Structures are given as structure tokens and as C-alpha cells.
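The figures here come from the full heavy-atom set of this structure, side chains too, leaving out hydrogens, waters and symmetry mates. Remember, predicted model here, so these are calculated numbers, not experimental data.
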Amino acid sequence: MTKIFKHPLIDIKLTKMRDKNSSHTTFKKNLNEIGSLMVYEILRDYKGKEKKVVTPTGSTAIGLAFDKSIMIVPILRAGLGMVAGIESLIPQARIGHIGVYRDEKTFQIHEYFYKLPDVEKDSDVVVVDPMLATGASAIDSINRLKKDGFSNIKFVCLVAAPEGVAALEKAHPDVDLYLAALDEKLNENKYIIPGLGDAGDRIFGTK
Ligand code: URA
């Protein structure tokens with residue numbers, strides 16, 4: 001299932017991020033805020049488990065709690081820019097990290113880092129990366145998580161190219177994909193057009 005979020009707040013924040021004149025502070029702030037808004041929507045139909053609490057009036061209220069661990073897995077390094085926003089809504093979420101890089105000449109993906117907290121294999125895993133370009137790093141990262149035994153995996157990104165969406169849907173049809181925008185295409189350097197440039201550089205103010 002692929003879902004594109006249409007919400008004016010997301011569009012306004014994404015427009016600020018796309019603007020080449022926005023500072024890295026503005027970029028990072030809006031990225032985190034969109035991450036929060038998206039997770040809020042993703043959890044709309046969350047079932048969880050019933051939880052009873054005793055209130056200060058001495059009576060019992062029947063409420064809701066998370067029933068499994070939630071693990072957020074940013075793909076380094078741009079995915080890091082979405083973690084704080086998601087954690088602001090789900091502070092108990094555990095954080096894993098996957099580091100992959102794209103060879104500038106061959107466009108091949110190489111993994112250089114993989115470290116996860118000790119969570120149950122049936123945890124809800126949310127892989128985050130602001131950009132879904134060719135889909136190669138998302139596909140590789142999800143392959144790695146599945147190899148490790150995880151199966152409840154969602155992928156959350158801000159901006160995707162149609163090529164990346166098609167590749168990810170084909171490789172992992174069981175993984176729900178959430179986007180804030182579906183852009184036009186990839187250019188010859190595999191950047192998303194119109195896109196927002198190199199998300200890692202824009203988050204961390206590097207070149
Ligand atoms: N990664 C980015 O940061 N930007 C793109 O446009 C494509 C991949």
C-alpha cells in the first residue's frame with residue numbers, strides 16, 4: 001500500500017524545505033515537523049491494547065497503550081533528520097541505524113553501518129529517509145531488516161520519485177509506503193526533480 005499525504009500544513013512546510021534559500025535550521029525544523037505529522041496520520045487506525053488506569057478520583061478509566069515495541073530506523077544520514085520529530089510523539093520508540101552510501105559513479109548501494117536495539121522481531125519497524133530516489137537504499141535496508149527477522153515494516157519518506165516508488169513496491173509489496181509528495185522524475189545524477197536537493201547536506205549544512 002502506498003499513501004501520499006495531502007495536508008496543507010505538510011505542503012506549506014515542504015515548500016519551505018524545497019526553497020533553496022531556506023537555512024539548514026529551517027530545513028531541519030520543517031523536516032521534523034512533517035515527520036511528526038506523518039506519524040500522527042499513520043497511527044490513525046492503530047489498535048494497540050486496552051489499558052486500565054486509576055485516576056485521581058479513584059475511579060478506573062479504560063484507555064489505550066502500545067502493544068509492541070516501535071523501532072524507528074533512520075537510513076543514515078538524512079534519515080536522522082526525521083527521528084526527533086517522531087520521537088516527540090513516541091518517546092519510548094527505540095532507534096536503530098542503518099548506514100548506506102551510494103557510489104557516485106555506479107550508483108550501487110553499500111552498507112557501512114547496521115546497529116539495532118534488542119527489540120522483539122514482531123516490533124513495528126518504521127524505516128525513515130526523507131528521499132526515495134531510485135529506491136535502492138530503501139530496498140537494501142529493508143532486505144537487511146527482513147534477513148534479521150523483522151516483518152512489520154513501514155517506510156516513511158517525504159519526497160519520492162515514481163521510479164523509487166515502483167522499485168520499492170515491486171521488491172517489498174508487503175511494506176506500506178508513506179510519502180508527503182510524489183515528484184516528477186529523477187535526473188541523470190539520480191536526484192529527484194524538482195526535489196529539494198541533497199537532504200543530508202541541507203540538514204547538516206554541508207556541501
Ligand atoms: N538523495 C537526496 O538527498 N536527494 C535526492 O534528490 C535524491 C537522493
Side-chain angles (χ1 to χ4, degrees), residues 1-18 30-48 68 70-76 78-83 85-86 89-90 93 96 98 100 102 107 109 122-187 190-200 203:
M1 189 272 300
T2 296
K3 181 163 178 161
I4 306 174
F5 289 117
K6 266 322 269 170
H7 191 289
L9 265 181
I10 291 182
D11 287 346
I12 290 166
K13 291 176 189 301
L14 183 57
T15 304
K16 288 186 188 160
M17 293 177 65
R18 288 190 192 276
N30 285 282
L31 174 58
N32 271 308
E33 288 173 356
I34 295 176
S36 302
L37 292 168
M38 289 180 78
V39 161
Y40 178 81
E41 270 309 307
I42 290 166
L43 290 182
R44 183 168 289 283
D45 300 319
Y46 187 76
K47 301 278 181 295
K68 292 190 276 182
I70 297 190
M71 178 169 67
I72 306 166
V73 183
I75 300 180
L76 303 178
L80 288 176
M82 296 174 75
V83 173
I86 300 175
L89 294 187
I90 315 174
I98 297 186
V100 294
R102 184 174 61 163
F107 304 123
I109 299 294
D122 69 343
S123 300
D124 287 313
V125 180
V126 184
V127 182
V128 296
D129 189 342
M131 311 304 278
L132 181 66
T134 63
S137 51
I139 291 168
D140 269 35
S141 302
I142 294 168
N143 281 340
R144 184 71 159 87
L145 287 161
K146 284 187 174 174
K147 211 166 121 199
D148 238 1
F150 294 97
S151 54
N152 300 320
I153 304 174
K154 299 184 194 315
F155 187 84
V156 182
C157 77
L158 252 60
V159 179
E163 296 88 330
V165 172
L168 185 55
E169 284 176 339
K170 185 161 179 242
H172 295 293
D174 56 309
V175 171
D176 289 340
L177 166 61
Y178 298 92
L179 334 169
L182 180 61
D183 275 12
E184 277 165 39
K185 59 177 181 185
L186 293 177
N187 71 9
K190 310 290 184 206
Y191 275 83
I192 300 174
I193 302 298
L196 42 73
D198 185 301
I203 294 165

Validation row: [X], [Y] side chains within 4.5 angstrom (heavy atoms):
| X | Y | result |
| --- | --- | --- |
| Ile75 | Val128 | no |
| Met131 | Leu196 | yes |
| Phe150 | Arg144 | no |
| Met38 | Val126 | no |
| Leu43 | Ile90 | yes |
| Phe155 | Leu132 | yes |
| Lys146 | His172 | yes |
| Met17 | Leu31 | yes |

Rounded to the nearest 0.5 Å, what separates atom [atom1] in [X] from atom [atom2] in [Y]?
| X | Y | atom1 | atom2 | value |
| --- | --- | --- | --- | --- |
| Met71 | Leu145 | CE | CG | 6.0 Å |
| Cys157 | Ile192 | SG | CD1 | 7.0 Å |
| Asp174 | Ile153 | CG | CD1 | 7.0 Å |
| Lys185 | Ile193 | NZ | CD1 | 6.5 Å |
| Leu158 | Leu179 | CG | CG | 9.0 Å |

Next on the checklist: Set out, in order, the CA-CA distance, both residues' side-chain angles and the distance that settles side-chain contact (heavy atoms from CB on, under 4.5 Å) for Leu9 and Glu33, then state yes or no.
Outcome noted: CA-CA 10 Å; Leu9 265 181; Glu33 288 173 356; over 6 Å; no
Which atom of [X] lies closest to which atom of [Y], heavy atoms considered:
| X | Y | result |
| --- | --- | --- |
| Ala78 | Asp129 | CB-OD1, 4.1 Å |
| Ser141 | Val100 | OG-CG1, 4.3 Å |
| Leu14 | Ile34 | N-CD1, 3.6 Å |
| Gly195 | Val159 | CA-CG1, 4.4 Å |
| Leu37 | Ile10 | CD1-CG1, 3.9 Å |
| Gly85 | Ser36 | O-OG, 2.7 Å |

Checklist entry - Counting heavy atoms not belonging to Lys68, are there more than 12 under 6.0 Å from its NZ? => result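 For Lys68, atom NZ is crowded (more than 12 foreign heavy atoms under 6.0 Å).
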Next on the checklist: Other residues, nucleotides and ligands only: do more than 12 of their heavy atoms fall within 6.0 Å of OH on Tyr40?
Outcome noted: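 Atom OH in Tyr40 is not packed in, count stays at 12 or less.
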Item to check | Criterion side-chain contact (heavy atoms from CB on, under 4.5 Å) on Val175 and Val127, from CA distance to verdict | outcome: CA-CA 10 Å; Val175 171; Val127 182; over 6 Å; no
Checklist entry - Hey, mind stepping through Val125 and Asn152 against side-chain contact (heavy atoms from CB on, under 4.5 Å) and telling me if it holds? => result CA-CA 6 Å; Val125 180; Asn152 300 320; 5.8 Å; no
Donor-acceptor contact present, side-chain [X] to main-chain [Y], <3.5 Å:
| X | Y | result |
| --- | --- | --- |
| Asp124 | Ile70 | no |
| Thr2 | Leu177 | no |
| Lys13 | Asp11 | no |

Next on the checklist: Assess the residue pair Thr134 and Ile109 against the criterion (side-chain contact (heavy atoms from CB on, under 4.5 Å)); give the C-alpha distance rounded to whole Å, side-chain angles, the decisive distance to 0.1 Å, and a yes or no.
Outcome noted: CA-CA 10 Å; Thr134 63; Ile109 299 294; 5.6 Å; no
